[in-house]
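These values consider heavy atoms only, across backbone and side chains, with no hydrogens, waters or symmetry-generated copies. Computed from a predicted structure; not experimentally measured.
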There are 2 protein chains.
Amino acid sequence: MTESASSARDADAVSRFVESFAAQLVEAGMPRMPARVFAALLSSDEGSMTSAGLGEQLRISPAAVSGAVRYLAQTHMVSREREPGSRRERYRVRGDQWYEALTNRDAVLKRWEQALREGVTSLGADTPAGRRMSETLAFFEFLESELAELMERWRVHREKTFGPE
Amino acid sequence: MTESASSARDADAVSRFVESFAAQLVEAGMPRMPARVFAALLSSDEGSMTSAGLGEQLRISPAAVSGAVRYLAQTHMVSREREPGSRRERYRVRGDQWYEALTNRDAVLKRWEQALREGVTSLGADTPAGRRMSETLAFFEFLESELAELMERWRVHREKTFGPE
DNA sequence: CCTTAACTTCACAAATTTCTGAAGCACGCG
DNA sequence: CGCGTGCTTCAGAAATTTGTGAAGTTAAGG
């Protein structure tokens with residue numbers, strides 16, 4: 001009795017957290033379904049769930065799960081695993097992997113830098129606007145190199161605090 | 001002749017850059033109009049434009065300018081200035097200000113941390129999910145402190161490269 | 001004061017995005 | 001080899017977001 005009451009409360013608590021954390025992610029610009037799926041994975045005990053499980057907890061169609069997972073996989077926030085001997089698939093959030101994804105807006109940064117370089121060229125490096133853009137470009141290049149070092153420091157810090165993976 | 005041809009080409013070049021840079025910002029999650037307005041300001045020689053000027057260059061209504069500027073001001077990407085003795089207002093992108101805005105997702109980070117803390121509590125700090133969340137929380141706290149130092153290093157680096165503001 | 005320029009707000013129309021149900025495909029299992 | 005499960009794709013419905021015109025507000029200038 002206590003047992004079932006407690007697991008019911010847990011499911012509810014999990015769901016509340018999932019939705020509220022997903023809401024924050026959405027507000028930061030992540031599409032809704034990926035955000036919800038990601039939050040669900042993050043709060044699962046295994047760190048992974050099946051497609052069916054996700055659909056059930058979030059009350060969404062298999063199609064929605066599929067779309068959300070595709071997004072998350074493309075952005076390297078989760079990885080897909082086949083369950084051996086079954087058509088089932090598990091989606092997993094791997095500790096190290098998604099921290100990097102968060103900061104590895106590398107692709108994004110690269111494209112911004114490219115756009116800025118074109119801007120400097122086409123506006124003229126000797127114009128005020130061109131100079132402002134050069135500086136902006138320098139900032140992004142700085143940022144890019146710093147982020148790599150930052151992640152390295154995190155790995156060290158993490159290992160000290162939480163022990164090896 | 002050469003003069004007018006050259007300024008025509010400039011206007012065109014500016015516009016092309018504005019739109020292409022704005023597109024990158026949009027892809028990174030910024031709403032369209034704010035992105036375009038910001039890009040326009042960034043590539044103006046003064047680093048500032050009037051509402052009318054923005055409307056004209058971007059071919060959008062005063063209402064759209066108003067909305068975009070409100071967004072940008074709230075997120076500290078631009079500041080508003082009154083032109084003395086006129087009802088005109090100028091919107092300005094100040095070098096130091098918007099770098100910080102970019103990294104000062106501080107508000108966002110703070111809310112994520114809050115959500116994660118609630119997650120740890122409600123899922124139980126001793127559960128596997130709870131532990132994963134604690135680690136995530138630690139990552140954000142780490143990130144927050146690192147970002148402050150990173151910006152400080154940038155200020156130094158910038159001053160060396162570009163000279164004092 | 002009254003006029004009018006400049007920005008803002010509001011309600012609505014349009015465009016875009018998002019999610020679903022249904023059909024399709026692939027593969028493990030009997 | 002074919003059945004059935006489980007994921008994916010697709011077309012369309014629904015909801016959300018976005019941008020506009022029009023009315024509203026504030027304040028400069030006569």
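- Across the protein-nucleic acid pair, B/I60 atom CD1 and D/dG21 atom P stand 12 Å apart, rounded to whole Å.
- A donor-acceptor contact shorter than 3.5 Å links the side chain of A/R131 to the backbone of A/D126.
- Using a 4.0 Å heavy-atom criterion, one finds that A/G85 contacts the sugar-phosphate atoms exclusively.
- Put simply, CZ on A/R88 is 7 Å from P on D/dC7, counting in whole angstrom units.
- Between A/P62 and B/R59, it is A/P62 whose nearest contact on DNA chain D lies nearer the 5' terminus.
- Residues meeting the side-chain hydrogen bond (donor to acceptor under 3.5 Å, both in side chains) test with A/Q74, sequence neighbours left out: none.
- In this structure, B/E83 pairs ionically with B/R90, as a charged nitrogen and a carboxylate oxygen lie closer than 4.0 Å.
- For the pair A/M33 CE and D/dT16 C1', the computed distance is 13 Å after rounding to whole Å.
- Each of B/M33, B/R80, B/M77 was evaluated against B/L72; a single residue qualifies, B/M77, per the side-chain contact (heavy atoms from CB on, under 4.5 Å) test.
- Here A/S51 does not reach the OP1 or OP2 of D/dG6: none of its side-chain N or O atoms lies under 4.0 Å away.
- As judged by a 4.0 angstrom heavy-atom cut-off over every strand, A/R80 is placed among residues touching the sugar-phosphate backbone only.
- Here D/dT20 presents its C1' atom at 15 Å from CZ of B/R32, a figure rounded to the nearest Å.
- Chain A approaches DNA chain C over the interval C/dC19 to C/dC29, counting the first and last nucleotide 5' to 3' with an atom under 4.0 Å from its heavy atoms.
- Nearest-nucleotide mapping onto DNA chain C: of B/A52 and A/A63, the residue sitting toward the 5' end is B/A52.
- Rounded to an integer number of Å, the gap from A/Y71 OH to D/dT8 P is 17 Å.
- A straight line from CD of B/E89 to P of D/dT25 spans 19 Å, rounded to a whole angstrom.
- For the atom pair B/W154 CH2 and A/E146 CD, the distance stands at 10.5 Å (nearest 0.5 Å).
- Classification of A/E27 and B/R111 as a salt-bridged pair holds, one side-chain N sitting under 4.0 Å from a carboxylate O.
- Relative to the side chain of A/S66, the nucleotides D/dT9, D/dG19, D/dG6 differ in distance, and D/dT9 lies closest.
- Look at B/R155 and B/E100 and you find a salt bridge, because one of the NZ, NE, NH1 or NH2 atoms lies within 4.0 Å of a carboxylate O, short of that distance.
- Among the heavy atoms of the strands lying under 4.0 Å from A/Y91 are primed sugar atoms or P, OP1, OP2 only; no base atom is included.
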